[in-house]
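First the structure, in the form of structure tokens, and then the observations on it.
For ligands, and for the atoms within them, numbers begin at 1 and follow the listed sequence. Below, all heavy atoms of this structure are taken into account, side chains as well, without hydrogens, waters or symmetry copies.
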Amino acid sequence: MQQKEQAEILKAKGVEPCLAVVIVGENPASKVYVAGKIRDCEEVGITSREYALPASTTQDELLALVSELNNDDSVSGFIVQLPLPSHIDEKTILDAIDPKKDVDAFHPINVGKIMIGDYDFLPCTPAGVMELLEEYKIDISGKECVVVGRSNIVGKPQAMLLLHKNGTVTVCHSRTKNLSDVTRRADILVVAIGKGEFVTGDMIKEGAVVIDVGMNRNDEGKLVGDVHFESAKEKASYITPVPGGVGVMTRAILMKNAIKAAQLNQDK
Ligand code: GUN
């Protein structure tokens, strides 16, 4: 069912899905992402609230807002946009979010639930990648899946979700030796390292499915992924472009999670 319909069904039952988005400081990329999330809410029929706080906000002030949102019954779920200014400890903030309102699935309880396959929310980008693979009927079971990047936001949960679908998963990172030997084994290659056009066609097996999670600006200011699209597309059977690839899926999953949060919290 479309998210718009789900939102309408909830509203008919007297449940008003509401997503709050907290952003601290002036990170230009974060501002663009947050504006997109607010727009998506409007499109789907989810009420949104944006809290744009100055870069000078203290950790205690941000913790106070998190506590307020945790306790506000009119907010079904919320996110704190990352990265945070360096004087705020990200982990302290994420740990303070009520796991039932944690639509990013960054809280340790939700991370642990994902590990054992018993979850309420999945993290938006890795779940978006999985939906993309499903949509294109790409079989994961028994396939060599290589994830490049080991971040808590993408690489680690991505590996777990591929494993849940019976992929044979390898995670590569900055200390991996002979990286291209490993990437060339991949039937499904997911790249999330934040380095513009790092993975080139010669690192890809003929016919591989290539998912590019990167979003970088090159020297000319152009948006590019972590994969060098022009050389990679000669090898890949499927490849996601940047922009216009994984990003839209990430946003769709956030809306899905916001509706799920409204459903979860309706009986409180
Ligand atoms: N920064 C980059 N990606 C994300 C995301 O998915 N959620 C949040 N909160 N911050 C991010």
_Does this structure show an ion pair linking K113 with D120, if we count only N-O contacts that are shorter than 4.0 Å?_
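So K113 pairs with D120 through a salt bridge.
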*Is any side-chain N of the basic residue among E131 and K256 closer than 4.0 Å to the acidic one's carboxylate O?*
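Yes, charged N to carboxylate O under 4.0 Å.
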*With a cut-off of 6.0 Å (strictly less than), are more than 12 heavy atoms of other residues, nucleotides or ligands near CG of D219?*
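No.
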*Do S141 and D139 get their side chains close enough for a donor-acceptor pair, meaning under 3.5 Å?*
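There is no such pair between these side chains.
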_Using heavy-atom distances only, which candidate in I79, L94, D104 approaches atom 9 (N) of ligand 1 most closely?_
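Heavy atom nearest to atom 9 (N) of ligand 1 belongs to D104.
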*N265 (side chain) donor-acceptor with A261 (main chain) under 3.5 angstrom*: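 Present.
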*For atom 4 (C) of ligand 1, what is the nearest protein heavy atom, given as residue, atom name and distance?*
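I find the closest protein heavy atom is Q81 NE2, 4.1 Å.
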*Of all the non-hydrogen atoms in the protein, which one sits nearest to atom 1 (N) of ligand 1, and at what distance?*
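Residue, atom and distance for the closest contact: L82 O, 2.9 Å.
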*Is any N or O atom of C124, backbone or side chain, closer than 3.5 Å to an N or O atom of ligand 1?*
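No, no N or O pair falls under 3.5 Å.
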*What do we get for Y33 next to ligand 1 when only non-hydrogen atoms under 4.0 Å count, side chain, backbone, both or neither?*
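No part of Y33 is near ligand 1 at this cut-off.
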*Looking only at heavy atoms of V80, does any of them come nearer than 4.0 Å to an atom of ligand 1?*
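Contact present.
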